Amino acid sequence: MSLLKPTVAVRYVTDISLELLRELGTDAILLDVDNTLAPPTSKIPYEGVQEWIDTVKASGIHIVICSNNYKKRIKPFADSVGLDCVAMSLKPFPFGFNRAKRKLKEKPSSVLVVGDQIYTDVLGANLAGMKSVLLLPRSEEHGWSIRLRRRMERNKRKKIKLRNGDDGNVGKAD
Ligand SMILES: [Mg+2]
């Protein structure tokens with residue numbers, strides 16, 4: 001299996017249904033923030049995200065935010081949506097995922113990584129032996145490193161089918 005292949009791809013985080021989580025055997029989620037829960041730098045989650053978090057938590061699935069962004073960005077956001085977090089997680093390296101797993105109250109048997117980037121979220125999940133859900137990039141992005149990773153992703157995304165059957169090779173979801 002390719003290290004760059006997600007288990008499943010969907011458009012938005014809110015497309016991840018409880019049925020899909022059951023199908024994947026998920027009992028904990030390590031969740032990205034930028035372009036997954038909210039636009040980069042924004043304090044306001046995308047529409048439906050808070051309800052999705054509340055629904056998933058109520059189903060008994062643990063969620064820990066795991067982001068490569070700085071603590072001053074991630075901690076206030078995590079507090080505002082009611083989640084624990086690990087900032088500066090250095091995805092795709094395993095350090096942040098390991099720190100996030102230690103924050104889970106019970107030892108998870110199946111951890112799912114959810115994020116919008118192949119070279120951080122998906123690669124990190126595969127290196128750690130975890131399942132992953134890849135989302136489409138959703139907001140405007142700036143900075144050379146993310147633009148480089150998006151360029152590297154382009155051909156990989158062409159081969160990834162979204163769960164609803166759409167082509168994964170869409171620049172932006174909106
Ligand atoms: Mg992201």
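Counting starts at 1 for both ligands and their atoms, in listed order. Worth saying up front: this structure is predicted, and the values here are computed from it rather than measured. Hydrogens, waters and symmetry mates are skipped; everything else that's a heavy atom, side chains included, is used.
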Asker: Listed by chain and number, what are the side-chain hydrogen bond (donor to acceptor under 3.5 Å, both in side chains) partners of Gln50, not counting sequence neighbours?
Answerer: Asp54

Asker: Looking at residues at least two apart in the chain, or sitting in another chain, which of them share a side-chain contact (heavy atoms from CB on, under 4.5 Å) with Met88?
Answerer: Tyr70

Asker: Could you pull out the N/O/S protein atoms under 2.8 Å of the Mg ion (ligand 1), ignoring any water?
Answerer: Asp32 OD2, Asp34 O, Asp116 OD1

Asker: Could you tell me which residues satisfy salt bridge (charged side-chain N to carboxylate O under 4.0 Å, His left out) with Lys75, sequence neighbours excluded, listed by chain and number?
Answerer: Asp79

Asker: Under the side chain to side chain contact (heavy atoms under 4.5 Å, CB included) test against Ser67, which residue among Ile74, Leu31, Val86 passes?
Answerer: Ile74

Asker: Going by atom types alone, do Asn35 and Glu141 pair a side-chain donor with an acceptor below 3.5 Å?
Answerer: yes

Asker: Less than 3.5 Å apart, any donor N or O on the side chain of Ser89 or Asn68 sitting next to an acceptor on the other?
Answerer: yes

